[in-house]
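Hydrogens, waters and symmetry mates play no part in the numbers below; they use all other heavy atoms, side chains included. What you see is a predicted model; the values in this text were computed from it and never measured. Here, residue 1 is the first one in the sequence, and each next residue gets the next number.
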Amino acid sequence: MVTIQLDIAQTIGIAAILLVVGEFIKKRVNVLARYFIPGPIIGGLVFSVIALVGHQTGLFAFEFYDNMRAFLLLVFFTTIGFSASFALLKKGGVGVALFLAAAVGLVVLQNLLGAGLAAALGVHPLIGVAAGSISLTGGHGTSAAFGPLLEQAGAAGALPAAIAAATYGLVSGCVIGGPLGTLLMRRNGLHPTGAAAGVKPDATLLQAPSSALTGDTEMYASILITVSIGAGTLLVNWLKGMGITLPSYLGPMLVAAVVRNIIDWRDAELPLRQFEVVGNVSLAFFLAMALMSMKLWELAEVAGPLLVILLAQTVLMFAYAYFVTFRVVGGDYDAAVIAAGHCGFGMGATPNAMANMQAFTAANGPSVKAFFVIPLVGSLFIDFFNAVIITGFMNYLK
């Protein structure tokens with residue numbers, strides 16, 4: 001077998017090409033766009049299929065430069081830390097706090113169910129976590145970030161399992177959202193009550209300021225990110241010396257969250273748009289590079305248990321949205337729309353939640369509150385809490 005070794009420049013170059021290939025395919029295959037499959041995932045899967053052919057035929061294999069991928073992971077989670085503004089959580093009101101609590105509760109249950117079923121089916125419990133909140137509430141980005149860490153902890157095939165589970169979740173979350181909302185509406189005799197029943201959204205909560213990408217603000221953002229990464233790694237090393245082991249990404253994420261809230265407290269300006277750009281670019285390249293090195297042949301070993309876990313997760317999502325989310329956020333028409341959106345949110349991603357709610361409200365009536373609450377939780381808070389919870393499960397189960 002011929003081993004093709006790629007250095008840092010070649011690895012990044014191929015990742016860039018795969019980003020273009022993924023977007024090209026996505027624009028021409030409607031089903032991929034309909035379910036919001038990320039372009040980097042599509043391009044990376046194309047390359048991983050090529051690697052699978054090489055492995056199965058015994059003709060060739062690839063070796064990649066992995067250090068850059070580790071750094072991109074740190075950058076991505078640092079930008080997530082900067083999104084955790086507790087001032088905005090307070091400003092968002094009770095509805096945001098209640099839905100965040102419901103979403104965090106689902107994260108815990110997804111991991112408990114996944115790990116428990118995995119152990120019962122005879123596979124590593126961390127495979128169940130890969131098919132839990134990592135891939136479902138977290139989506140492809142979190143799957144690509146945590147998959148290699150699960151494999152390092154002993155769960156062989158965790159990365160392809162997480163990617164497969166995330167793709168399944170994007171589809172199933174859209175499938176069950178509408179029927180759930182309709183069932184809640186009919187059984188509870190709900191009707192839309194107009195804009196007065198909702199919360200008038202504050203545009204400053206829903207999106208970052210559209211400041212120009214000037215040299216000064218780009219430099220400011222870069223300094224905050226790199227200082228947070230440096231301080232975060234020092235924190236991780238210091239805690240390790242005291243016998244407390246944290247993943248390398250968690251320190252920078254926590255430091256960034258502290259910096260964000262200090263700046264909020266000082267009422268100073270933050271380069272939020274620049275953080276978003278840096279986070280999106282680092283995530284796109286990280287996804288492509290993670291999937292380039294994915295070993296699809298390892299998925300066969302866990303495919304059967306993975307399917308059982310995912311079917312059980314679908315039932316959990318439906319039941320949780322019906323019995324918990326709906327009641328926690330108010331038990332009214334807005335709550336039914338949020339519950340329908342939570343199916344897309346808890347099984348896939350925020351865009352899937354928005355698609356669920358748009359389809360439901362187009363047929364049944366508007367809900368200002370739902371379109372305010374879910375994007376705020378999805379864009380600012382859930383990734384932070386999810387990463388912390390996943391880390392706890394990883395440390396306990398490895």
Side-chain angles (χ1 to χ4, degrees), residues 11 14-15 18-19 21-22 25 32 35 37-58 60-64 66 69-70 72-73 110-111 114-115 117-118 121-172 283-314 347-349 390 393-394 397-398:
T11 300
I14 290 178
L18 294 177
L19 293 178
V21 170
I25 295 174
L32 299 176
Y35 291 107
I37 308 297
I41 295 295
I42 300 168
L45 282 173
V46 169
F47 193 94
S48 64
V49 170
I50 295 173
L52 174 64
V53 172
H55 176 269
Q56 295 299 105
T57 59
F60 57 88
F62 295 97
E63 287 187 3
F64 303 98
D66 285 336
R69 191 174 75 181
L72 290 171
L73 181 65
Q110 284 176 332
N111 290 327
L117 280 177
L121 294 169
V123 296
H124 199 294
L126 288 179
I127 293 294
V129 178
S133 75
I134 287 179
S135 54
L136 301 178
T137 296
H140 285 96
T142 308
S143 298
F146 282 98
L149 301 177
L150 297 180
E151 291 181 343
Q152 292 171 14
L159 176 58
I163 295 297
T167 305
Y168 168 90
L170 288 176
V171 177
S172 62
L283 176 60
F285 274 89
F286 176 81
L287 284 171
M289 294 170 70
L291 268 74
M292 284 163 54
S293 58
M294 188 168 64
K295 300 174 182 177
L296 285 176
W297 52 91
E298 293 181 347
L299 181 60
E301 301 176 9
V302 296
L306 180 64
L307 179 60
V308 173
I309 294 170
L310 290 175
L311 291 174
Q313 294 283 15
T314 306
M347 292 293 287
I390 292 167
F393 273 90
M394 285 175 54
L397 295 172
K398 68 180 179 180

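At a threshold of 4.5 Å between non-hydrogen side-chain atoms, the residues P160 and E151 count as touching. Proximity of I134 to L150: side-chain heavy atoms (C-beta onward) are separated by under 4.5 Å at one or more points. In this structure the side chain of L126 never reaches within 4.5 angstrom of the side chain of F146, judged on heavy atoms.
The shortest heavy-atom contact between L306 and A131 is CD1-CB, 3.6 Å. In plain terms, the two heavy atoms of S143 and P148 that are nearest each other are O-CD, 4.4 Å. Across all non-hydrogen atoms, the minimal contact from I390 to S133 is CG1-OG, 3.4 Å. Between G128 and A118, the shortest heavy-atom contact is N-CB, 3.7 Å. Looking at every heavy atom in both residues, A312 comes nearest to L117 through CB-CD1, 3.5 Å. The minimum heavy-atom distance between L136 and G169, with the atom names listed, is CD2-CA, 4.1 Å.
The distance from atom CG of L149 to atom CG of L73, rounded to the nearest 0.5 Å, is 6.5 Å. Summarising the geometry, atom CG belonging to L19 is positioned 10.5 Å from atom CD1 belonging to I41; distances are rounded to the nearest 0.5 Å. Residue S48 holds its OG atom at 9.5 Å from CG of L18, rounded to the nearest 0.5 Å. Going from atom OG1 of T314 over to atom CD1 of I309 covers 12.0 Å, rounded to the nearest 0.5 Å. Between the OG1 atom of T167 and the CD1 atom of I42 there is a distance of 9.5 Å, given to the nearest 0.5 Å.
Here E63 pairs with Q5 under the side chain to side chain donor-acceptor pair (under 3.5 Å) rule; sequence neighbours left out.
Separation of the F64 and F47 ring centroids falls under the 6.0 Å cut-off.
In this structure, the side chain of Q313 engages the main chain of Q110 through a donor-acceptor pair within 3.5 Å.
A donor atom on one side chain and an acceptor atom on the other are not found under 3.5 Å apart for S135 and Y168.
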Identify all side-chain donor-acceptor contacts of residues 284-303 below 3.5 Å with residues at least two apart in sequence or on another chain.
| unit_1 | atom_1 | unit_2 | atom_2 | d |
| --- | --- | --- | --- | --- |
| S293 | OG | R69 | NH1 | 2.6 |
| S293 | OG | M289 | O | 3.4 |
| S293 | OG | A290 | O | 3.1 |
| E298 | OE1 | G157 | N | 3.3 |

